[in-house]
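Data first, discussion second: the structure below is written as structure tokens.
Since this is a predicted model, take the numbers as computed values, not measurements. Counting from 1, the numbers follow the sequence of the chain as shown. No hydrogens, no waters, no symmetry mates; every other heavy atom, side chains included, goes into these values.
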Amino acid sequence: MGKKSRGKKEARHLPPKRRKSRPDEYFRYGPLEVARFGKAILMRNRMSQEQAEAIQAKLIERLPHVVEEINNITFQIALMISQLPPGELLKRAYWEAARHHMGVQSETEVGEEGMVSLRMVDYVQSVVASVPPSESIHTDVTDQEWQALRSLVENLFTKLNDEFFVCQGALKRKELELSPDLEDFFAKAQIYWCNIRGQRYQVHNIPFLQDALLPHNEVMRELYGIGAQDFVNGLQKIQASQTFGIGELFEDMKTFQSDITKELENRVASGSPETASNSGSLVEDIVKEKGWSSRRDCIVARFSEMDLHDIETLTNLPKALLEDLSWTQGEDKDFFKEGEYRGWPLREWPINKRPFLKLNGRHYCFDNFSLFDNVYRVLQRIIIKKKPEYEVSWKDKQQEVSERVPIELFKKLLPTAQVFKSVHYRWHTGSVGDKNWCEADALLLYEDYLIIVEVRGGAFTHTSPTTDFNAHFASLRNLILKPAEQGRRFVSYLESDRSVKLYDRNHVEVGTISRDQFEHVAICAVTLDPFTEIASRTQHLKKLGLDLGPHPVWSISIDDLRVYTELFDNPLVFLHFVEERMKASKLDIVETEDELDHLGLYLKHNLYTQYIQEINASGPVRWNGYRVDIDHFFNQRITDPKVPCSLRQKMPDRLEEILAFLGSSHKSGRRQLASTLLNCSGDWRNKIARIIDEELVRQASSKKPQSFSLHGEPRITVFCWHTESGSPNHQDAVDHVRSVMLATNEPDRLLLQLSYKQRKLVGIEHDFLSLAAIPPKDLVKLKSRAETLTQQRLNKARLLPKGVGRNQLCPCGSGKKYKKCHGG
């Protein structure tokens with residue numbers, strides 16, 4: 001191995017400040033710089049103050065023209081849609097969107113054309129619901145009309161995303177004296193509002209609604225004569241039609257054509273005289289004789305009519321409920337109401353308030369995203385409107401779901417965790433003053449890990465950030481800041497004494513815990529509704545005036561937890577991810593657009609916070625494309641719910657076996673041991689696995705266990721043996737490791753003892769040993785053993801054909817070069 005190659009391997013374990021990273025790509029245009037490190041994008045602006053002010057002035061000057069252009073575009077869109085048949089228009093929009101998304105496995109793979117096709121479904125529906133039809137409506141949608149409308153919608157969203165938000169931000173900064181951080185947040189909140197759809201993976205839509213709606217079964221029966229599960233079943237049928245309808249249609253059409261062809265061939269082969277007659281008449285005769293008329297009519301209706309979207313055809317949902325969930329054309333009076341942003345996507349979209357359209361007396365659904373993103377809150381509003389006195393019951397049941405479901409999901413991730421629900425304790429509710437009864441929603445104790453769970457059942461606001469930014473921001477404060485305050489309060493209580501008491505709702509003592517029990521304490525804020533684009537950036541909220549305190553807060557949704565339960569099958573690996581996620585919460589340079597990007601970063605880079613710091617960026621780094629594999633997996637789950645999950649870090653089988661053994665055991669200290677092994681780089685993981693395999697092969701003939709030690713990072717000594725050959729004396733193994741520490745002057749070292757039967761792991765023992773804890777009475781004996789060990793290593797290395805090079809690491813294990821150690 002050459003010097004440069006070896007240097008690269010060793011550099012992996014140097015502190016971040018000693019690493020130098022070069023970008024894979026670099027681009028500069030004037031004062032703007034863009035660098036790419038793998039999937040990370042670093043942008044830097046070296047603009048002077050004078051340049052920045054000049055550009056801001058130009059943007060403010062440009063704003064009225066952009067507003068006028070957008071107003072003109074929305075007017076033209078409304079005029080065109082009022083003259084076109086809405087059913088034909090939306091049917092065409094759906095088919096085009098399906099074509100653009102055919103084979104797409106991840107949202108990151110959707111191109112510009114695909115994004116516009118989605119807006120032709122959801123935004124156009126909102127306009128249909130808001131604009132009354134004209135007196136003269138065209139009978140069809142021509143290609144020319146379609147392209148003209150599509151061009152207008154594309155131009156509308158381009159103007160908003162590329163010009164309006166930038167110009168508006170410049171004005172807001174001047175008028176309201178917004179900080180650059182608040183201006184950036186304001187712009188992003190509007191971009192998310194306009195463009196982001198699909199709050200959860202499709203396979204999780206039905207489980208979410210079952211959890212959220214089944215508690216309201218009785219009120220649904222009372223108001224609509226249908227149970228909550230029946231309603232969810234109906235939505236599942238709609239989802240299936242929207243997802244698989246086109247594919248199933250083509251398969252049915254292909255099968256039908258094949259059956260007709262076979263029947264024709266049979267008649268030709270039999271010499272039937274009818275075959276000489278008109279083929280169209282013959283096909284019609286076959287259809288009648290075989291009783292295939294309804295089969296043919298169904299295919300035609302699904303293909304040329306709107307049966308794929310007809311809710312009454314697809315489900316048995318009662319009409320009264322469909323009426324409350326549907327808009328008629330032009331019924332909504334708010335979206336195009338006179339005033340600022342008339343018809344702009346910055347107002348609340350009608351399709352978010354009611355997911356269906358009623359056209360020509362029939363109820364239709366054209367879009368899964370608007371349906372499943374909003375139906376829970378839509379149903380909440382219409383039920384409370386019909387029965388106002390049920391509002392308190394809804395909130396109570398919603399709170400029960402919000403508190404119960406996260407714990408059920410955490411228990412899947414941490415099966416043996418000790419759980420305290422609704423923990424009460426007496427502590428200060430302010431900085432000073434008397435102690436009052438306080439509550440933590442739940443505590444999860446897993447070995448030396450404590451997770452403080454605080455849940456919020458409320459929704460992230462449906463108020464547009466453009467029309468009411470204060471309400472939008474207050475909602476964010478409610479969902480993130482309040483749980484953070486509650487979690488921080490419990491941490492303060494936990495740290496107030498050597499041990500603290502826990503009480504139930506009736507203030508009866510249920511347990512005692514101590515801060516010294518836990519190496520890690522994490523505050524986890526869980527919401528019923530997802531708001532992942534915001535939640536993944538909570539560490540930046542301090543710049544906006546939302547100070548979450550010194551303890552990082554992990555803000556996730558129930559849907560995120562559901563994802564983790566399907567991707568993590570080992571509680572120890574999950575907790576190692578949580579370690580990294582909490583570290584990331586302390587780094588201002590980490591910017592992701594989704595919570596699951598953190599999971600993607602972990603699967604790719606393991607210690608991804610270290611990887612991020614090694615880039616040595618002077619500002620935030622955007623991480624793109626890390627959730628693609630996760631998207632692909634859940635896309636596969638749509639068609640094959642039992643497809644096994646292969647998403648995991650690269651890991652040799654031997655190490656995987658050790659972690660699986662620890663994950664299913666109840667051995668004390670397993671969490672810390674697993675974390676230590678998982679902290680190893682890929683090279684060290686492979687080395688440990690390779691040496692175990694080599695040692696087991698060697699013992700097959702020698703029948704004598706032998707240790708091996710890793711120096712640098714990690715500091716691990718491993719004994720592995722076949723149980724058939726006996727086992728090392730534990731105290732002798734401890735003394736050996738202590739001798740290694742004395743020989744190399746190491747502060748600590750892990751002793752890992754592995755026993756195998758027929759090459760399968762059957763037992764693990766381990767000790768975290770420290771130099772400071774060596775008994776003074778043993779020092780003389782151990783130092784002598786250390787000197788002997790060092791000399792043995794040096795002699796063995798010197799007997800090698802090439803000896804020990806001056807610039808190689810010293811064989812003694814000190815980590816120094818040979819020339820600066822025993823070769824000096």
Side-chain angles (χ1 to χ4, degrees), residues 198-245 248 308-326 354-356 363-365 367-387 389-409 411-412 455 457 459 527-530 557-559 561-563 565-566 634 637-642:
Q199 295 178 337
R200 65 183 63 85
Y201 286 118
Q202 185 170 320
V203 294
H204 294 153
N205 283 331
I206 299 305
F208 168 79
L209 289 175
Q210 286 174 323
D211 285 334
L213 291 179
L214 293 190
H216 306 290
N217 185 65
E218 294 306 316
V219 72
M220 289 197 68
R221 287 197 179 279
E222 175 189 340
L223 297 178
Y224 295 108
I226 186 174
Q229 184 61 59
D230 297 324
F231 177 63
V232 173
N233 291 344
L235 296 181
Q236 190 169 18
K237 291 177 182 177
I238 295 171
Q239 176 174 267
S241 180
Q242 295 290 304
T243 306
F244 305 114
E248 291 174 348
L308 286 176
H309 315 285
D310 191 322
I311 303 170
E312 292 162 77
T313 299
L314 296 170
T315 74
N316 293 317
L317 295 179
K319 284 197 174 184
L321 178 57
L322 294 181
E323 289 288 325
D324 287 341
L325 293 173
S326 302
R354 298 184 199 173
F356 303 146
H363 300 86
Y364 297 100
C365 176
D367 179 24
N368 264 339
F369 293 138
S370 61
L371 171 60
F372 286 99
D373 283 354
N374 302 292
V375 69
Y376 171 70
R377 293 300 176 183
V378 171
L379 195 64
Q380 177 185 4
R381 288 197 293 268
I382 65 174
I383 284 178
I384 291 174
K385 183 178 180 180
K386 282 182 172 290
K387 189 176 181 179
E389 65 271 22
Y390 189 71
E391 183 172 7
V392 174
S393 295
W394 185 287
K395 289 182 178 178
D396 289 343
K397 293 180 180 185
Q398 178 177 271
Q399 186 65 25
E400 187 276 330
V401 169
S402 301
E403 293 177 357
R404 171 178 53 82
V405 176
I407 301 307
E408 291 174 353
L409 295 172
K411 284 291 288 181
K412 288 183 179 180
V455 301
T527 61
L528 179 63
D529 293 315
S557 71
I558 286 177
D559 297 301
L561 274 177
R562 215 181 295 275
V563 168
T565 63
E566 297 189 44
F634 283 105
R637 278 278 171 95
I638 296 173
T639 53
D640 184 2
K642 294 184 179 180

Partners meeting salt bridge (charged side-chain N to carboxylate O under 4.0 Å, His left out) with Lys386 (sequence neighbours left out): Asp324

Test salt bridge (charged side-chain N to carboxylate O under 4.0 Å, His left out) applied to Glu218 - qualifying residues, sequence neighbours left out: none

Nearest atoms (heavy-atom pairs only) where Pro406 meets Val401: CD-O, 3.8 Å

For Asn233, side chain to side chain donor-acceptor pair (under 3.5 Å) partners two or more places apart: Gln229

Atom NZ of Lys411 with >12 non-hydrogen neighbours under 6.0 angstrom: yes

Minimum-distance pair of heavy atoms, taken over all atoms of Phe208 and Leu528: CE1-O, 3.5 Å

Approximate separation, where rounding is to 0.5 Å, of Ile238 CD1 and Asn368 CG: 8.5 Å

Test salt bridge (charged side-chain N to carboxylate O under 4.0 Å, His left out) applied to Glu222 - qualifying residues, sequence neighbours left out: Lys387

Other residues, nucleotides, ligands: >12 heavy atoms within 6.0 Å of Lys412 NZ: no

Salt bridge (charged side-chain N to carboxylate O under 4.0 Å, His left out) against Lys395, all qualifying residues, sequence neighbours excluded: Glu391

Greater than 12 external heavy atoms within 6.0 Å of Asp396's CG: yes

CD1-CG distance between Ile383 and Leu321, expressed to the nearest 0.5 angstrom: 8.0 Å

Residues forming a side chain to side chain donor-acceptor pair (under 3.5 Å) with Arg221, sequence neighbours excluded: none

Pairwise distance CG(Leu213) to OH(Tyr376) - rounded to 0.5 angstrom: 7.0 Å

Sidechain-backbone polar pair: Asn217 side chain, Gly227 backbone, donor-acceptor under 3.5 Å: no

Residue pairs fulfilling salt bridge (charged side-chain N to carboxylate O under 4.0 Å, His left out) with at least one residue in residues 200-212, sequence neighbours excluded: Arg200-Asp559, Asp211-Arg562

Rounded distance [0.5 Å steps], NE2 in His216 versus CG in Leu379: 8.5 Å

Reported NE2-to-CZ distance for the pair His204 and Phe372, which is rounded to 0.5 angstrom: 13.5 Å

By side-chain contact (heavy atoms from CB on, under 4.5 Å) - contacts of Leu317 (at least two apart): Ile226, Phe231, Ile311, Thr315, Leu322

Shortest non-hydrogen separation from Leu409 to Thr565 and the atoms involved: O-CG2, 3.5 Å

By side chain to side chain donor-acceptor pair (under 3.5 Å) - contacts of Gln242 (at least two apart): His309

Phe244 versus Ile638, closest heavy-atom pair with distance: CZ-CG2, 3.4 Å

Tyr224: partners by ring pair (Phe, Tyr, Trp, His ring centres under 6.0 Å), with sequence neighbours left out: none

Nearest atoms (heavy-atom pairs only) where Tyr390 meets Pro215: OH-O, 4.3 Å

Donor-acceptor under 3.5 Å (Ser241 side chain, Lys237 main chain): no

For His363, side chain to side chain donor-acceptor pair (under 3.5 Å) partners two or more places apart: Glu312, Glu323

Criterion side-chain contact (heavy atoms from CB on, under 4.5 Å) on Gln236 and Leu209, from CA distance to verdict: CA-CA 10 Å; Gln236 190 169 18; Leu209 289 175; over 6 Å; no

Rounded distance [0.5 Å steps], CZ in Phe634 versus CD in Gln202: 12.5 Å

Residue list, side-chain contact (heavy atoms from CB on, under 4.5 Å) with Pro355, at least two apart or on another chain: Leu325, Leu371, Val378

Which atom of Phe369 lies closest to which atom of Gly198, heavy atoms considered: CD2-CA, 3.7 Å

